[in-house]
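As a basis for the values below, the full set of heavy atoms in this structure was taken, side chains included, without hydrogen atoms, waters or symmetry mates.
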Amino acid sequence: MSTAARWTAPAAGDAGLVSGEAVRLDVRAARIGSRVLALLIDVLLQLVFGLLLIVIATLALAALPYGVFDAALERALLTVGVVLLLIGYPVCFERLNEGRTPGKAAVGLRVVSHDGGPVGLRQSLTRALVGVAVEWPGLVLPLLSWVAGATVMLTDARGRRLGDLVAGTLVVHTRTAVSWRPVPAPLPVLTSWAYTLDLSRLDPSLALTTRQYLTRSHQFAEPARSDLARQLWREVAATTGPPPPPGLPEAVYLAAVLGERHRRARQRLAGERGLAAALWPQLGSTPTLRSAEPTPLLRSAEPTLPDPAPTSARGPVPSPRAVEAGQAAPGGLIGVRPSVPARRSGADGTGGH
């Protein structure tokens, strides 16, 4: 287990999701406050959709012949409308909008499976049926079911309701509430020491763990913050050298190591880009058709050849294989050199021997 994993305790409201690669996901579970706010927005939208359905149904029934509409048809339409609003509304939005109804999308929530995967049709349908029956509107013992549902959400460690427990789902936040700070800059007194560091044995995963600690150290409380910095510095110091000047906190040494590592990476990247621009200047420009004249760099690298004579004076026409190899192509191929130097032709068009 890494140092960060040993010292980072689950935050309040942590969803506890683990990916298929056994990596813990930094996702917060939605609690009752945000979920009630999302429910209120969805209820208002359901009322608006209900009014639209009533208007559409009224216009459609007005066009029917007299005597077709009766009490049985009215109850059937009412049942269909209630099912569409209470069950079809959440199921359709959760399936088509990646687990988010309009209310959840406005608040920043999302329904996922218990393992962090996308919610399925069966899970969405189960959540909706349980919610209509015992939570909202609670067709079975409304008052008692409301109290039971609120009690379950308040006592569950991840804020799940009865529908989530039955369907195996979880509602999480899609917006992070953690503010990441930049890595502290190295102190000027450590610049000369950092310049002499040997970073060839520094593991990239250890460097990433150190960067994460420095950007989130303000979230740790003492003595965990100092203990974690001390442990990280022991691991970093074991793979770097020479030793730093004494008398400074471990976090300052870690910031200096990361700053020097970042400086060398930028310098190496700038050198690689400069070399690429010098060797292949056309890579930095917009691709265009190949010019008949070679670039100055390619012209200096290629041997100077005389202008090709007419075909009648050169002798036989070269074969396509030779043309593809760049040995006898009219005009030549820019940047392609023959593996064996071509013999210059004599004045009479025959090979010089």
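Leu254 and Trp193 fall within the same hydrophobic cluster, defined by Ile, Leu, Val, Met, Phe, Trp and Tyr side-chain heavy atoms under 4.5 Å apart, directly or through other members. Under a hydrophobic-cluster definition in which Ile, Leu, Val, Met, Phe, Trp and Tyr are linked whenever side-chain heavy atoms come within less than 4.5 Å, directly or via other members, Leu39 and Leu86 are assigned to different clusters. Leu197 and Leu206 fall within a single hydrophobic cluster, where Ile, Leu, Val, Met, Phe, Trp and Tyr are joined by side-chain heavy atoms under 4.5 Å apart, directly or via other members. No continuous path of ILVMFWY side-chain contacts below 4.5 Å connects Leu170 to Val91, so the two sit in separate hydrophobic clusters. Hydrophobic clustering, with ILVMFWY side chains joined whenever heavy atoms are under 4.5 angstrom apart, groups Leu139 together with Leu129.
Separation of atoms CG (Leu37) and CG (Asp42) is listed at 10.0 Å; rounding is to 0.5 Å. We find the CD-CZ distance between Glu272 and Arg268 to be 6.5 Å, quoted to the nearest 0.5 Å. Put simply, CG on Leu214 and OG1 on Thr209 are 11.0 Å apart, with the number rounded to the nearest 0.5 Å. Interatomic distance, CZ of Arg158 versus CZ of Arg31, reported as 11.0 Å (0.5 Å rounding). A distance of 11.5 Å separates CG in Asp203 from CZ in Arg201, rounded to the nearest 0.5 Å. Annotation: the span from Thr58 atom OG1 to Leu53 atom CG amounts to 10.5 Å, rounded to 0.5 Å.
A donor atom on one side chain and an acceptor atom on the other are not found under 3.5 Å apart for Arg127 and Gln123. Between the side chains of Gln267 and Arg264, not a single donor N or O lies within less than 3.5 Å of an accepting N or O.
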query: What's the verdict on side chain to side chain contact (heavy atoms under 4.5 Å, CB included) for Thr101 and Leu45, showing C-alpha distance, side-chain angles and the deciding distance?
result: CA-CA 10 Å; Thr101 60; Leu45 291 177; over 6 Å; no
Open item on the list: One pair to check against side chain to side chain contact (heavy atoms under 4.5 Å, CB included): Gln46 and Val43. What are the steps and the verdict?
Closed with: CA-CA 5 Å; Gln46 286 174 331; Val43 169; 4.2 Å; yes
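Minimum heavy-atom separation, Ala105 to Asn97: CB-ND2, 4.4 Å. The two residues Leu109 and Ala30 make their nearest non-hydrogen contact at CD2-CB, 3.7 Å. The nearest pair of heavy atoms linking Ala256 to Ala194 is O-CB, 4.1 Å. Nearest heavy atoms, Glu135 versus Gly163: OE2-N, 3.5 Å. Across every non-hydrogen atom of Pro90 and Ile87, the tightest pair is CD-O, 3.2 Å. Closest of all the heavy-atom pairs between Arg160 and Arg35 is CA-NH1, 3.9 Å.
No donor-acceptor distance shorter than 3.5 angstrom exists from the side chain of Tyr195 to the backbone of Glu260, with no hydrogens or angles considered. Between the side chain of Glu250 and the backbone N or O of Ala229, no donor-acceptor pair lies under 3.5 Å. With Arg225 contributing its side chain and Ser217 its backbone, the two residues share a donor-acceptor pair below 3.5 Å. Of the possible polar contacts, one joining the Arg95 side chain to the Val119 backbone as a donor-acceptor pair under 3.5 Å is found.
Tested against Val257, the residues Leu202, Leu190, Thr210 include a single side-chain contact (heavy atoms from CB on, under 4.5 Å) partner, Leu202. Among Asp164, Ile32, Leu162, the single residue meeting the side-chain contact (heavy atoms from CB on, under 4.5 Å) criterion with Val152 is Leu162.
The closest side-chain heavy-atom distance from Val112 to Val27 is not below 4.5 Å. Residues Pro204 and Arg261 are in side-chain contact: their nearest non-hydrogen atoms beyond the backbone lie under 4.5 Å apart.
Trp233 and Tyr253 have tilted rings, their planes meeting at an angle from 30° to 60° on a 0 to 90° scale.
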